[in-house]
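Keep in mind it's a predicted model, so treat the numbers as computed, not measured. If you read the sequence from its start, that first residue is 1, and numbering goes on from there.
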Amino acid sequence: MKTKLGLLYGGKSAEHDVSMQTALAVIKALDLAKFDIYPIYITKDGSWINGPKLTGPAESVEALTFTTERSISPLALQAHSTDENSGSTGYDVIFPLLHGPNGEDGTVQGMLELLNLPYVGNGVLASSAGMDKVIMKNIFAQAGLPQVKYTWFIRSEWEKNTESSINKVAEELGYPCFVKPANLGSSVGISKCNDADELEKAVAEAFQFDRKIIIEEGVIAREVEFGILGNDDPSCSVAGEIIPKKDFAFYDYSAKYVDGNSAMVIPAEIKESEYAALSEMAITAFKSLDCSGLVRADFFLTKEGKIYINEVNTMPGFTPFSMFPLLWKHTGIDYPALIETLVKLALERHEEKQKIKYTV
């Protein structure tokens, strides 16, 4: 019997276009002999639109957008008729292929919990804490994970105390430093700053995407990443490394998606002792946020051998050429098998949750 799989993609987020590419890749990889695929497109203004059941792989992103004539309330997912001929209702599992706010941040996950629908990936707490870099780093600190120095500001605080805020960054972090929106991914709105003038410009840029920003100490280090897969007993992939091709560059949005000014090395050339330490820290990070399904954990590794956790991504880039799927491909799980594993993990977690007692 085929699994009825609802794919959520698009979204009201600066990462809308990244999500569309992810959805296209997943649909092309799904085995139609195993899955009935039902696309659910979320527009840039937040409208939810039911697409027709797919009878074959989509050929373009444009084929995954639908007119508002098929608009639905998100709450209709629970009772949606997946088969107009037989009248069968309901999805077996929802796969949120959403990046950024309004999708990866626990909002959609909370709705799916209320509807009691199985879904792929992290739950409400892990998604929201993993999206907010400040909260995430605070939790990592409590778990004893080493991190670079950081500070954070909300927009009103920065605007009222700009000069003292700039001085605080110089005194506590120094230059270079990195400015990031607290709640965004795909390196959107991130800037490297070498002095106060660049800092002011970078802060203005980051505040376009969030009301809260985080500023981190710059370190000279390799960027090493791991894929983590599982629920209560997660496992780590081989290590991968991001190498910017441009001098003094970093892995920004353009390097990821536009001009290709970065390279991925898999497996990364690291010592066995470094792999052991890094993978243990990755699992600790996964468990400290109560993650489930999938996570990509990113680290800094200095030439002196110091390790710092940078962040985790609870819905990492998921095309066949993204780091997370490539890490698992080199570990022995190819792209179609990875998708099937995530669906299985989602169903297992949902079944386990049904054991919870809600009456006294």
Side-chain angles (χ1 to χ4, degrees), residues 2-13 15 18-20 22-23 25-27 29-30 34-42 46 48-51 53-54 64 72-82 88-131 185 228-232 234 286 289-296 312-318 324-325 338-356 358:
K2 290 200 257 187
T3 299
K4 292 180 285 187
L5 183 63
L7 296 183
L8 273 176
Y9 57 88
K12 188 179 180 181
S13 165
E15 298 181 77
V18 177
S19 174
M20 297 299 295
T22 296
V26 168
I27 289 169
L30 282 167
K34 297 179 180 179
F35 296 95
D36 284 331
I37 306 168
Y38 300 90
I40 307 157
Y41 171 54
I42 305 175
W48 289 50
I49 305 175
N50 249 342
K53 174 183 170 182
L54 297 180
L64 297 178
I72 60 167
S73 162
L75 299 180
L77 291 180
Q78 189 178 43
H80 170 60
S81 177
T82 57
S88 104
T89 60
Y91 301 101
D92 293 321
V93 63
I94 299 291
F95 197 157
L97 298 169
L98 299 164
H99 301 286
N102 302 307
E104 189 184 346
D105 57 356
T107 51
V108 166
Q109 289 75 13
M111 182 197 70
L112 295 172
E113 290 283 353
L114 289 173
L115 296 177
N116 198 32
L117 286 172
Y119 61 94
V120 171
N122 289 277
V124 177
L125 174 65
S127 297
S128 58
M131 174 57 59
I228 309 170
L229 196 61
N231 288 328
D232 294 342
F286 186 95
L289 294 179
D290 193 24
C291 293
S292 53
L294 75 164
V295 152
R296 193 193 70 232
V312 299
N313 193 314
T314 58
M315 185 55 210
F318 206 78
F324 183 86
L338 181 61
I339 296 170
E340 292 181 22
T341 299
L342 288 170
V343 170
K344 180 181 177 183
L345 288 168
L347 292 169
E348 287 178 355
R349 184 188 59 182
H350 183 74
E351 182 179 354
E352 196 270 339
K353 283 184 178 180
Q354 304 315 299
K355 300 174 184 177
I356 297 174
Y358 294 101

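- The heavy-atom pair separating Val93 from Ala346 by the smallest distance is CG2-CB, 3.9 Å.
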Quiz item: Given the rule in the side-chain contact (heavy atoms from CB on, under 4.5 Å) test, do Met20 and Leu64 qualify, once you have shown the distances and angles that lead to the verdict?
Solution: CA-CA 8 Å; Met20 297 299 295; Leu64 297 178; 4.1 Å; yes

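- Distance check: Ile94 CD1 to Tyr38 OH gives 11.0 Å after rounding to the nearest 0.5 Å.
- Pro234 pairs by the side-chain contact (heavy atoms from CB on, under 4.5 Å) definition with Ile228, Ile283, Phe286, Lys287, not counting sequence neighbours.
- Leu112 is listed as a side-chain neighbour of Leu77, based on a closest heavy-atom distance under 4.5 Å.
- Nearest approach of Tyr119 to Val124, heavy atoms of both residues: OH-N, 4.1 Å.
- Between the His99 side chain and the Met315 main chain, a donor and an acceptor come within less than 3.5 Å of each other.
- Counting non-hydrogen atoms of other residues, nucleotides and ligands closer than 6.0 Å to NZ of Lys353 gives a total above 12.
- A side-chain donor from one of Asn116 and Gln354 sits under 3.5 Å from a side-chain acceptor of the other.
- Taking each heavy atom of Pro101 and Ser13 in turn, the nearest pair found is O-CB, 3.4 Å.
- Expressed to the nearest 0.5 Å, how far CZ of Phe95 lies from OG1 of Thr3 amounts to 13.0 Å.
- Here the shortest heavy-atom pairing between Ile42 and Lys12 reads CG2-N, 4.3 Å.
- Between Val120 and Val343 there is a side-chain heavy-atom pair separated by less than 4.5 Å.
- Between the CD1 atom of Ile40 and the CG atom of Leu97 there is a distance of 10.0 Å, given to the nearest 0.5 Å.
- By the 4.5 Å heavy-atom criterion applied to side chains, Met111 and Leu117 are not counted as neighbours.
- The distance from the CG atom of Asp105 to the CG atom of Leu98 is 9.5 Å, given to the nearest 0.5 Å.
- Surrounding NZ of Lys2 are more than 12 heavy atoms belonging to other residues, nucleotides or ligands, all under 6.0 Å away.
- Atom CD of residue Glu348 and atom CG of residue Asp232 lie 10.0 Å apart, to the nearest 0.5 angstrom.
- Applying side-chain contact (heavy atoms from CB on, under 4.5 Å) to Leu54 and the options Ile27, Leu30, Asp36, Leu5 leaves one that passes, Ile27.
- Side-chain contact between Ser73 and Trp48 is absent, with no heavy-atom pair separated by less than 4.5 Å.
- Between Val26 and Ile339, the shortest heavy-atom contact is CG1-CD1, 3.9 Å.
- Minimum interatomic distance between Pro316 and Thr314 (heavy atoms only, all atoms of both residues): CD-C, 3.7 Å.
- Contacts of Tyr9 classified as side chain to side chain donor-acceptor pair (under 3.5 Å), with partners at least two apart in sequence or in another chain: none.
- A distance of 5.0 Å separates CG in Asn313 from CD in Glu104, rounded to the nearest 0.5 Å.
- Take Ser292 and apply the side chain to side chain donor-acceptor pair (under 3.5 Å) test, not counting sequence neighbours, and it matches Arg349.
- A side-chain donor-acceptor contact under 3.5 Å links Gln109 to the backbone of Gly106.
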